[in-house]
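As a basis for the values below, the full set of heavy atoms in this structure was taken, side chains included, without hydrogen atoms, waters or symmetry mates.
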Amino acid sequence: MATPILKWAGGKRQLLDELYARFPAAYDPGEHAYHEPFLGSGALCFDHEPRRGTVNDRNPRLVNFYRQVRDRPEELIERCRTFPDPNDEPDPALAFTETDRKGRSIDAAYYQQRALFNRRPNGESFDPLDEAARLLYLNRTGFNGLYRENADGEFNVPIGRYVDPDWVRAEQVRGVSRVLRGLGEGAVHHGEYDYVLDVAEPGDLVYFDPPYEPMSPTADFAEYSAGGFDREDQLALLSVVETLADRDIHVVLSNSGVMYDPYVDAGLFVDRVGATRAINSDPDARGEVNEVIATTVPPEQRRGEDQRSLTDF
């Protein structure tokens, strides 16, 4: 099994046992495919190590990151090893030595690398490997591991405070690269989640982990990218789930507790679970949060809590 490379809002490492317990008994990884249309940190996919299937995200920089991890893991590792301590002085050999595009002062290497990372949303040329390496560097050295974009699509998270941050993640990069290569050619998609309607077949398993419906006006996980994901999007996703179920495709979803009633009303099997969240811009808002796991799989047709790894199936 592989572990996530990135920190990501709503990561699922703490809920892996709960998710595996809802896998259908009829799901055979040797025969059926696994699909994850909101990849994020990919905790379930990378732990499960499916033999075939697809992954997707609507964030183009995240998709580029995973494609570079898949295709060029050693180059990515070596590139990450060249980054300075985030609190070092800016590199005079690079752009944005003194100010960023908006004229704001740059007084640390972190902010110089952040400005360089934002070439894509500003319509500037960029190197895909460099962008992927900078995403990892900023993810591991930025404030609390947040990924957040402003309305222009620029990454805008401030510098974090860490004693000895690891922005190389060599073991994790190699593990995730192995999993992604195992999925086969063309498995890493960039686009909307409903692509899965065109690729999933009866017996396959689809895991949806969308940006969460906020529990409160200040707890908005949906703003991790410029596009957002609102209640209308949540209900449209639910329509896709119903279509997949009609085609005998198994579905598991996770979301915040406010989606409990809509999921129950749609005929899904829903349970409340607790998970500790360390990623939040407000330190007082971190801690255990109310989440739900919903599935089309009835309790009597599930694998149960004993089986979680690929070799157990």
Next on the checklist: Taking side-chain hydrogen bond (donor to acceptor under 3.5 Å, both in side chains) as the cut-off, I'd like each qualifying pair that reaches into residues 186-202, sequence neighbours left out, listed once.
Outcome noted: Thr54-Tyr195
Next on the checklist: Check the orientation of Tyr34 and Phe23. Use parallel for under 30°, tilted for 30 to 60°, and perpendicular for over 60°.
Outcome noted: tilted
Checklist entry - How close do Gly203 and His250 get, heavy atom to heavy atom, and via which atoms? => result O-CD2, 3.5 Å
Item to check | ring-ring contact (aromatic ring centres under 6.0 Å, His included) involving Phe208 - partner list, sequence neighbours excluded | outcome: none
Checklist entry - Between the side chains of Ser177 and Arg181, is a donor N or O closer than 3.5 angstrom to an acceptor N or O? => result yes
Checklist entry - From Leu116 CG over to Tyr111 OH, what is the distance, rounded to the nearest 0.5 angstrom? => result 15.0 Å
Checklist entry - Would one find more than 12 heavy atoms of other residues, nucleotides or ligands at under 6.0 Å from atom CD of Glu300? => result yes
Checklist outcome for this item: Heavy-atom closest pair (Asp204 atom, Val199 atom, distance to 0.1 Å) is OD2-O, 4.3 Å
Item to check | Nearest-0.5 Å distance, CZ of residue Arg51 to CG of residue Leu183 | outcome: 12.5 Å
Next on the checklist: Using every non-hydrogen atom in the two residues, find where Val179 and Cys45 come nearest and quote the distance to one decimal.
Outcome noted: CG1-O, 4.2 Å
Checklist entry - Can you list every pair that meets side-chain hydrogen bond (donor to acceptor under 3.5 Å, both in side chains) and has a residue in residues 66-77, with sequence neighbours left out? => result Asn64-Gln68, Gln68-Arg72, Arg72-Glu75, Glu74-Arg174
Item to check | Transitive ILVMFWY side-chain link Leu136 to Val63, under 4.5 Å | outcome: yes
Checklist entry - Linking I/L/V/M/F/W/Y whenever their side-chain heavy atoms sit closer than 4.5 Å, directly or via other members, would Tyr260 and Leu235 fall into one cluster? => result no
Next on the checklist: Any heavy-atom pair between the side chains of Val206 and Ile249 that's under 4.5 Å?
Outcome noted: yes
Next on the checklist: According to side chain to side chain donor-acceptor pair (under 3.5 Å), who are the partners of Arg272, at least two apart in sequence or on a separate chain?
Outcome noted: none
Item to check | Point-to-point distance, once rounded to the nearest 0.5 Å, from CZ of Arg140 to CG of Leu6 | outcome: 8.0 Å
Checklist entry - Do the side-chain N and O atoms of Tyr263 and Asn255 include a donor-acceptor pair separated by under 3.5 angstrom? => result yes
Checklist entry - What heavy-atom pair brings Phe46 and Val176 nearest, and what distance separates the two atoms? => result CZ-CG1, 3.5 Å
Checklist entry - Taking all non-hydrogen atoms of both residues, which atom of Ala200 and which atom of His35 are closest, and how far apart? => result CA-NE2, 3.7 Å
Next on the checklist: Please tell me whether Leu146 and Tyr162 are part of a single hydrophobic cluster in this structure, the criterion being side-chain heavy atoms less than 4.5 Å apart.
Outcome noted: no
Item to check | By side chain to side chain donor-acceptor pair (under 3.5 Å) - contacts of Thr82 (at least two apart) | outcome: Arg79
Next on the checklist: Are Tyr207 and His48, when compared by the centres of their aromatic rings, separated by less than 6.0 Å?
Outcome noted: no
Checklist entry - Is any NZ, NE, NH1 or NH2 atom of the basic residue among Asp271 and Arg22 found under 4.0 Å from an Asp or Glu carboxylate oxygen of the other? => result yes
Checklist entry - Considering all heavy atoms of both residues, which atom of Gln234 and which atom of Pro210 are nearest to each other, and what is their separation? => result OE1-CG, 4.0 Å
Item to check | side chain to side chain donor-acceptor pair (under 3.5 Å) partners for Asn122, two or more places apart | outcome: Glu154
Checklist entry - Got more than 12 heavy atoms from elsewhere within 6.0 Å of CD, Glu124? => result yes
Item to check | side-chain hydrogen bond (donor to acceptor under 3.5 Å, both in side chains) partner of Asn118, chosen from Arg61, Arg134, Gln113 | outcome: Arg61
